[in-house]
Amino acid sequence: MPPTAVVYCDGHFGEIDGKTANGLVRHSEAYRILSVIDRGRSGQDSGLVLDGVANRIPILGSLADALAHAPKVPETFILGMAPATGRLSVKDRAVVLDAIAHGMTIVSGLHEYLSDDPQIAAQAAAHRVTIRDMRKPKPNKDMRLFDGSISGVKALRIAVLGTDCAIGKRTTATVLARALSDAGFRTALVGTGQTGLMQGAKYGVAMDAVPPQFCCGELEGAILAAAAAEQPDIIVIEGQGALSHPAFCTSAFILRGSQPDAVILQHAPKRARRCDFPGMPMPSAASEIALIEAFADTRVIGLTLNHEGMSDAEITAAIATMTCKLGVPVTDALRRPGADLVSMVLAAYPGVRQGTYGVAV
């Protein structure tokens, strides 16, 4: 059985800065999530908060409450927040130290490496606790440069990109990979961020923690490993950031390193401003598609919606309007059947069932 875990997300669960916790509650192969810690939502069901469907993972008010709720001390304490600063607050530091005192393994996706923090490292050593910094890269001497070997991968490669950060690319990539597997395709998912790796992605790299000269090569290596081990029909690559976003370079590295045959674009119709950048208006889906197709030798085969702020009727209307406007299939990975995602892929690559993926006429 996977180790048990408590996810700490105080003040952020269900919000953009809580995307790590949100993802782990929706899907986790690496951990059995027992509870979420967020004082502001204490007493609620985490599934109801996120998606309106109960999952029996409670939200509790403190680490003490989480320890009392569990039949025994959970094995893992996961920092489930992804703040723009990437750093630990004074309040959160005290909770981490308390978790270490209880003997819990610490898993962190922050840019600040807890294993390098003198106080936290000393506490961990005293209690023989392991700290896993998911964004801590391996030494440069062990990193891989891009060499073009990706051209030998026979599987259909689909990257899930977006028009902004924290817009649902990882969730859509996960749902897409699962739907393709359920439809009978051998599918491999390659993670490119700390949350996907925490969820249990077997292949991947935290792209935003890798020096730029190695980003394309490290991603190429992860895809080669997935192709060799899984012999998949389809490889789904999780996106990061947005190609049009001036604060992120990761989308460019993903397009270069994975050389995707196709892209599925994630977009939030009701989001007016860039996440964490209120002075930057959101791009249109059409402009992002044009940019992606001009930047890389690939094509956008479909659009998926982030339904934040949208009613079901608005989702239905947006799907119809944007399908007509963009000329590609549109769906919502969470609010519409997974089969719609499979149909999106098959419409573009009908030969994938026969081991080929010639483009539809």
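Everything numeric in this text was worked out from a predicted model, so none of it was measured. One-based numbering along the sequence shown.
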### Message
Can you see whether Thr105 engages Thr130 through a side-chain donor-acceptor pair at a distance of less than 3.5 angstrom?
### Response
no
Tracing side-chain contacts under 4.5 Å among Ile, Leu, Val, Met, Phe, Trp and Tyr outward from Val90 reaches none
Output side-chain donor-acceptor pairs under 3.5 Å for residues 282-290, partner residues at least two apart or in another chain, one line each.
residue, atom, partner, partner atom, Å
Ser284, OG, Ser287, N, 3.0
Ser284, OG, Ser287, OG, 3.1
Ser287, OG, Ser284, N, 3.3
Ser287, OG, Ser284, O, 2.9
Glu288, OE1, Ser244, OG, 2.5
Glu288, OE2, Leu243, N, 3.3
Glu288, OE2, Ser244, N, 3.2
Glu288, OE2, Ser244, OG, 3.4

On a heavy-atom basis, the closest approach of Val36 and Cys9 is CG1-CB, 4.4 Å
Sorted by chain and residue number, the side-chain hydrogen bond (donor to acceptor under 3.5 Å, both in side chains) partners of Lys270 (sequence neighbours excluded) come out as Glu314
Do Leu303 and Ile254 sit in the same hydrophobic cluster, where Ile, Leu, Val, Met, Phe, Trp and Tyr count as joined when their side-chain heavy atoms come under 4.5 Å apart? yes
According to a hydrophobic-cluster definition based on side-chain heavy atoms being under 4.5 Å apart (Ile, Leu, Val, Met, Phe, Trp, Tyr only), do Met322 and Ile167 belong together? no
When rounded to the nearest 0.5 Å, the distance separating SG of Cys215 from CZ of Arg144 is 13.5 Å
Practice item. Answer yes or no: does atom NZ of Lys91 have more than 12 heavy-atom neighbours from other residues, nucleotides or ligands under 6.0 Å? Key: yes
Item to check | Single-linkage hydrophobic cluster Ile78~Val96, side-chain heavy atoms < 4.5 angstrom | outcome: no
dist Leu346:CG -> Leu341:CG (nearest 0.5 Å) comes out at 11.0 Å
Is there a path of hydrophobic side-chain contacts, each under 4.5 Å between heavy atoms of I, L, V, M, F, W or Y residues, that connects Ile33 with Val95?
no
Item to complete: Might you work through the side chain to side chain contact (heavy atoms under 4.5 Å, CB included) test for Leu176 and Val345, ending with a clear yes or no?
Response: CA-CA 10 Å; Leu176 171 63; Val345 173; 4.2 Å; yes
**Request:** Could you verify whether a donor N or O on one side chain and an acceptor N or O on the other, from Ser343 and Asp340, lie under 3.5 Å apart?
**Result:** no
- Worked check of salt bridge (Lys or Arg N to Asp or Glu O under 4.0 Å) between Lys138 and Glu218: CA-CA 11 Å; Lys138 56 190 175 184; Glu218 283 292 294; 3.2 Å; yes
- Decide if the gap between the ring center of His102 and the ring center of Phe77 is smaller than 6.0 angstrom. no
| task | For Arg170 and Thr20, test the side chains for any donor-to-acceptor distance below 3.5 angstrom and give the result as yes or no. | result | no
Notebook entry, point to check: Ion pair present between Lys169 and Asp164, side-chain N to carboxylate O less than 4.0 angstrom?
Noted result: no
When rounded to the nearest 0.5 Å, the distance separating CG of Asp261 from CD1 of Ile158 is 8.0 Å
Checking Asn306, Thr163, Thr172 against Gln266 for side chain to side chain donor-acceptor pair (under 3.5 Å), the one that qualifies is Thr172
Same apolar cluster (I L V M F W Y, side chains within < 4.5 Å links), Leu334/Val49:
no
From the list Leu60, Asp10, Val7, side chain to side chain contact (heavy atoms under 4.5 Å, CB included) with Asp38 holds only for Asp10
Check: Ser115/Lys136 side-chain N/O donor and acceptor closer than 3.5 Å: yes
Practice prompt. Assess whether side chain to side chain contact (heavy atoms under 4.5 Å, CB included) is satisfied between Glu238 and Thr192, documenting all intermediate values.
Written response: CA-CA 6 Å; Glu238 174 197 4; Thr192 57; 3.7 Å; yes
When you look at Thr316 and Arg336, which way does the side-chain hydrogen bond (donor to acceptor under 3.5 Å, both in side chains) test go after all the steps?
CA-CA 10 Å; Thr316 299; Arg336 296 297 183 266; 2.7 Å; yes
Give a yes or no on this: more than 12 heavy atoms of other residues, nucleotides or ligands lie within 6.0 Å of atom CG of Asp142. yes
Practice problem: Check the pair Phe13, Val25 against side chain to side chain contact (heavy atoms under 4.5 Å, CB included), reporting the backbone distance first and the verdict last. | Solution: CA-CA 10 Å; Phe13 186 71; Val25 163; 3.9 Å; yes
